[in-house]
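Computed over heavy atoms, backbone and side chain alike; hydrogens, waters and symmetry mates excluded.
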Amino acid sequence: MSDSKFIRIAEVIERKIEKGEYSPSSKLPTHRALAEELGTTPATVAKAYKLLIEKGFLESFIGRGTFVRASTTLDQAIQSPDEETNFNFSILQPCLERNVPALKNAYRQSAELLTAAVIGYTEYSGHETHRAAGVKWAKKYGLEGANSSNMLLTNGAQHALSLLVDTLTKPGDTILVERLTYPGILAIVNMSDRQVIGVDLDEHGLCPEALATAIEQHQPSMVITVPSHQNPTGISMPESRKKQIAQVINDKRVWLVEDDIYCFLDDDPIAPIANFAPDYTFHISALSKAISPAMRCGYLKAPDSQITVLNANIRTNIWLASPINFIAATLLIESGEAFRLADQQREIANERQKMVREIFTSLDFTASGYHIWLPLPDHWQPDRFAMEAKNRNVIVTSGSYFCANNGSTPHVRLSLMSIGNEARLRDGLNQLQQLLDSDINSFFPY
C-alpha cells in the first residue's frame with residue numbers, strides 16, 4: 001500500500017503545480033509538515049518528492065528545501081536516441097541514415113577546398129559565399145528580400161534564438177510565445193531571466209487578436225513564433241494568417257522572431273511572415289531538420305537596422321560559426337543535393353504519417369511533418385503516460401514540457417523520424433497503442 005500511496009501523493013502535488021496552486025520556484029512543505037497534513041509518514045512524502053524530482057517537476061537543495069522547478073528541462077523533454085535499448089519518439093530529426101552518403105561526399109569535397117583564408121578568422125558573420133548559399137536555401141522555401149548582407153550565419157537555429165534573445169532583450173523583459181511551444185525556446189527564455197507569456201493558438205496558428213491584446217497588456221520586447229508544422233501542435237499557418245500576424249507586428253512595432261526551420265516540409269512554399277513585416281522580423285532557417293543537426297548550420301535573415309549589433313554579438317561570443325561546416329552546406333545547396341535530401345525527408349515523413357493513421361485509428365490527432373500531437377484518453381495524464389511508456393523502453397515527450405504558462409495539456413508528442421528502421425517504428429507505435437488502451441490502474445493501483 002505504501003508504494004501506491006506515495007504515487008498518489010505525487011499525483012496530488014502534480015495537479016497542484018498544473019493548476020498553479022504551487023507556482024514556479026515556490027517552496028513546498030517539509031516532509032514532516034506534509035505528512036501530518038495528509039495523515040502519512042515523512043518517508044512516504046520523501047518518496048513522492050523523489051519521484052517528482054526525477055520527473056522534473058521539483059528540485060531539492062540541501063539546507064533550503066524542495067521547490068517547484070522554474071524552467072523547462074531539455075534533457076528530459078528531448079532525449080538522445082539509442083535504438084539499441086529503446087524506441088525513442090522524443091527527438092525531432094531527419095532519418096539520418098538516408099543522408100549519410102551525401103554528407104560523406106560533401107565533407108570529402110570540403111577537405112579539398114580548405115585554404116588558409118577559409119580556415120582563418122573572417123569579418124562579419126562568415127564568408128560571403130556561405131551567406132549567399134543561405135539566401136538560396138531560404139529563397140527556395142519562400143523568403144524574399146534576403147541577400148548576402150542581411151543573412152547571418154549561426155551555429156544552428158537554437159544559437160540564432162539565443163543570439164536574438166540576448167541581443168534584443170534584457171533580463172526582466174517579457175517575451176511572447178505560443179501557448180504551446182518548443183521547449184528549447186522556453187529553456188532559453190527562462191535561463192536568461194526573461195519572462196515568458198503564452199499566447200493562444202487556433203486551428204491556423206498564433207491568434208492575431210490574442211497577440212495584439214497580449215502586446216498591449218504586457219509590452220513585450222519580442223514575439224517568437226513557429227509558423228510551419230508548429231512544434232508541438234503541428235499547425236501550419238496559411239499565408240492569410242501570416243499576413244494578419246505581420247499587420248499586428250507592423251502596427252505595434254515589436255520584434256518578431258520567425259523560427260521557420262520546418263518550412264521545407266510544406267508541399268508548396270508558403271511565404272513567411274518576414275515577407276510582410278521585413279522591418280521587424282528575424283527569419284530563422286537551418287539544415288538541422290532537413291539534413292543533419294550535427295552540421296550546426298543556421299541562417300538568420302535580419303532587418304538591416306540590426307545587422308551591426310548582431311554581428312558584434314556573434315563576434316563577441318563565438319567570433320564566427322565554423323566555416324568548415326558551411327563549406328559542406330554550401331556544396332550541398334549549390335549542387336541541389338540539399339533540396340533533394342529535403343524532398344526525400346518530406347516524402348518519408350508523409351509515408352510515416354500514413355502508418356500512424358493506420359495504427360491510431362481510435363484517436364483524432366494532429367499529424368504534421370516529423371511528428372504527431374497525440375491526445376490521450378481521459379484515463380491517462382501525460383506525465384504518467386510518458387513514465388509508463390519509458391518503463392516499456394518507449395520514450396515519448398509529455399505535453400507538460402510545451403506549456404508556456406505552467407498549464408497542462410492532455411497530449412504527448414511523438415517524433416516519427418528518429419527511429420530509422422520502419423519495422424522498429426511500427427513495433428514502437430503498436431506498443432504505444434496497447435498502452436493507450438490499457439487500464440491505468442494495472443500500473444498504479446489504488
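In this structure, Lys289 is not positioned above the aromatic face of Tyr262 in the sense of NZ or CZ being under 6.0 Å from the six-membered ring centre and within 45° of the axis. The side-chain tip of Arg424 points at the ring of Phe87 from less than 6.0 angstrom away and within 45° of straight on.
Under the salt bridge (Lys or Arg N to Asp or Glu O under 4.0 Å) criterion, Lys243 pairs with Glu239, sequence neighbours left out. With sequence neighbours excluded, no residue satisfies salt bridge (Lys or Arg N to Asp or Glu O under 4.0 Å) with Glu37.
Other residues, nucleotides and ligands place more than 12 heavy atoms under 6.0 Å from the CD atom of Gln219. Asp437 CG: more than 12 foreign heavy atoms inside a 6.0 Å radius. Within a 6.0 Å sphere centred on CD1 of Ile324, heavy atoms belonging to other residues, nucleotides or ligands number 12 at most. Atom CG of Asn391 has more than 12 heavy atoms from other residues, nucleotides or ligands within 6.0 Å.
Atoms CD1 and CG, on Ile224 and Leu176 in that order, are 9.5 Å from each other to the nearest 0.5 Å. The distance from atom CE of Met387 to atom NZ of Lys55, rounded to the nearest 0.5 Å, is 4.5 Å.
Ring geometry for Phe264 against Trp137 counts as tilted: the plane angle lies between 30° and 60°, on a 0 to 90° scale. Ring-plane geometry between Trp255 and Tyr280 is classed as tilted, the angle between the planes lying from 30 to 60 degrees on a 0 to 90 degree scale.
Pro375 and Phe365 get closest at one heavy-atom pair: CD-CB, 3.5 Å.
Between Asp260 and Ser285, the side chains place no donor N or O within less than 3.5 Å of an acceptor N or O (distance only, hydrogens not considered). A donor and an acceptor atom, one from each side chain of Asn421 and Glu97, are nowhere located under 3.5 Å apart. Using a 3.5 Å distance cut-off with no hydrogens or angles, the side chains of Ser415 and His371 do not pair a donor with an acceptor. Side chains of Ser418 and Asn88: no donor on one and acceptor on the other come within 3.5 Å.
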Exercise answer: donor-acceptor pairs, residues 195-207 side-chain atoms, under 3.5 Å, sequence neighbours excluded:
unit_1: Asp202; atom_1: OD1; unit_2: His204; atom_2: N; d: 2.8
unit_1: Asp202; atom_1: OD1; unit_2: Gly205; atom_2: N; d: 3.3
unit_1: Asp202; atom_1: OD1; unit_2: Arg241; atom_2: NH1; d: 3.0
unit_1: Asp202; atom_1: OD2; unit_2: Arg241; atom_2: NH2; d: 3.0

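At a threshold of 4.0 Å, the pair Glu422-Arg426 does not count as salt-bridged, since none of the basic side-chain nitrogens sits closer than that to a carboxylate oxygen.
A side-chain contact (heavy atoms from CB on, under 4.5 Å) with Met222 is found for one member of Val254, Ile175, Val177, Thr174 and no other, namely Ile175.
Ring centroids of Tyr49 and Phe6 are separated by 6.0 Å or more, keeping the two rings apart.
Proximity of Ile9 to Thr44: side-chain heavy atoms (C-beta onward) are separated by under 4.5 Å at one or more points.
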